[in-house]
Amino acid sequence: MPLITLVTPTGTGYPIGTAMQESATAGTAELADGTKVFAGFMTRQSIVGGPTLGDDIFPGRLQLGVAAGDPDSFERGEEIECEGASYVDAGITGSTALKTPLSFAAGKFCVAGSGQYAQFELVELPAPVTAGNVRIRVVPLAAFIKP
């Protein structure tokens, strides 16, 4: 799947994998909320103020983030597995039915609601790595459906 480049939102940093859509300002990303077509997941974290010199020289830093407000790459996935409150809305639980259409709320997967594009489908609820979390595996729908 192709990478898309958009300018990241300013003022707040976001972790790798945050779902984004293109905002009303062409070429600029915003948190996916299901009202517009999904652009992709962030491939690097965004950091308010950008990485520091220490980020360059300390060992164990495999990939630097991007300064919030600078361009970043976003990619779509053929299958996505994620876990926890940073990626999964509280409306999705361990008892959510498989094949439920999903969209986004504040950059997190959520059950698709009225006025949102259903862009993914829940295909599995694997055991979470961290107790108390919800872990999901989703695949994109062939066509986005706006209920």
* Start with the C-alpha gap between Ile16 and Thr43, add the side-chain angles, then the distance that decides, and say whether side chain to side chain contact (heavy atoms under 4.5 Å, CB included) holds. => CA-CA 6 Å; Ile16 292 171; Thr43 60; over 6 Å; no
* Salt bridge or not for Asp72 and Arg44, using N-O below 4.0 Å? -> yes
* To do: Keeping the roles fixed (side chain from Ser46, backbone from Ala67), state whether a donor-acceptor pair exists under 3.5 Å.
  => no
* Just by modelled atom types, is the Val7 backbone N or O under 3.5 Å from a matching donor or acceptor in the Thr28 side chain? -> no
* Structure fact -> Interatomic distance, SG@Cys82 vs CZ@Phe41, rounded to 0.5 Å, equals 7.0 Å
* Structure fact -> Nearest heavy-atom contact between Pro140 and Gly77 is CG-O, 3.5 Å
* **Results of side-chain hydrogen bond (donor to acceptor under 3.5 Å, both in side chains) for Asn133 - residues two or more places apart only** => Glu83
Between side-chain atoms of residues 96-103 and protein atoms elsewhere (two or more places apart, or another chain), which donor-acceptor pairs fall under 3.5 Å?
{"unit_1": "Thr96", "atom_1": "OG1", "unit_2": "Thr93", "atom_2": "N", "d": "2.8"}
{"unit_1": "Thr96", "atom_1": "OG1", "unit_2": "Thr93", "atom_2": "O", "d": "3.1"}
{"unit_1": "Thr100", "atom_1": "OG1", "unit_2": "Ala97", "atom_2": "O", "d": "2.4"}
{"unit_1": "Ser103", "atom_1": "OG", "unit_2": "Tyr117", "atom_2": "O", "d": "2.8"}

* Between Phe74 and Ala39, what is the shortest heavy-atom contact and its length? -> CB-O, 4.3 Å
* For Phe104, check ring pair (Phe, Tyr, Trp, His ring centres under 6.0 Å) against everything at least two apart and list the hits. => Phe38, Phe109, Phe120
* **Gln21-Asp33 side chain donor-acceptor pair, cut-off 3.5 Å** => yes
* Structure fact -> For Gln45 and Met42, the nearest pair of non-hydrogen atoms, with its separation, is C-CE, 4.3 Å
* Asked: Looking at Val129, Thr130, Val88, which hits side chain to side chain contact (heavy atoms under 4.5 Å, CB included) with Arg135?
  -> Val129
* Applying side-chain hydrogen bond (donor to acceptor under 3.5 Å, both in side chains), name anything that partners Glu22, two or more places apart in sequence or on another chain. => none
* If you look at every heavy atom in Asp89 and Cys110, which pair is closest and at what distance? -> CB-CB, 3.8 Å
* Structure fact -> Residues passing the side-chain hydrogen bond (donor to acceptor under 3.5 Å, both in side chains) test with Glu121, sequence neighbours excluded, are none
* Kindly determine whether Ile92 and Val111 satisfy side chain to side chain contact (heavy atoms under 4.5 Å, CB included), including the steps that lead there. => CA-CA 7 Å; Ile92 299 174; Val111 174; 4.0 Å; yes
* To do: Any chance you could lay out the side chain to side chain contact (heavy atoms under 4.5 Å, CB included) test for Val66 and Ile47, step after step, and finish with the verdict?
  => CA-CA 6 Å; Val66 61; Ile47 304 166; over 6 Å; no
* Supply the atom-to-atom distance Leu6 CG to Asp70 CG, rounded to the nearest 0.5 angstrom. => 13.0 Å
* Min side-chain heavy-atom separation Leu31-Tyr14 under 4.5 Å -> yes
* Asked: Do Leu125 and Val138 belong to the same hydrophobic cluster, where Ile, Leu, Val, Met, Phe, Trp and Tyr are linked whenever their side-chain heavy atoms lie under 4.5 Å apart, directly or via other members?
  -> yes
* **Residue that, paired with Ile4, satisfies side chain to side chain contact (heavy atoms under 4.5 Å, CB included) out of Arg76, Met20, Glu75** => Arg76
* Name all residues meeting the side-chain contact (heavy atoms from CB on, under 4.5 Å) criterion together with Thr10; count only those two or more places apart in sequence or in a different chain, and write none if there are none. => none
* Asked: Between Lys36 (side chain) and Ser23 (backbone), is there a donor-acceptor pair under 3.5 Å?
  -> no
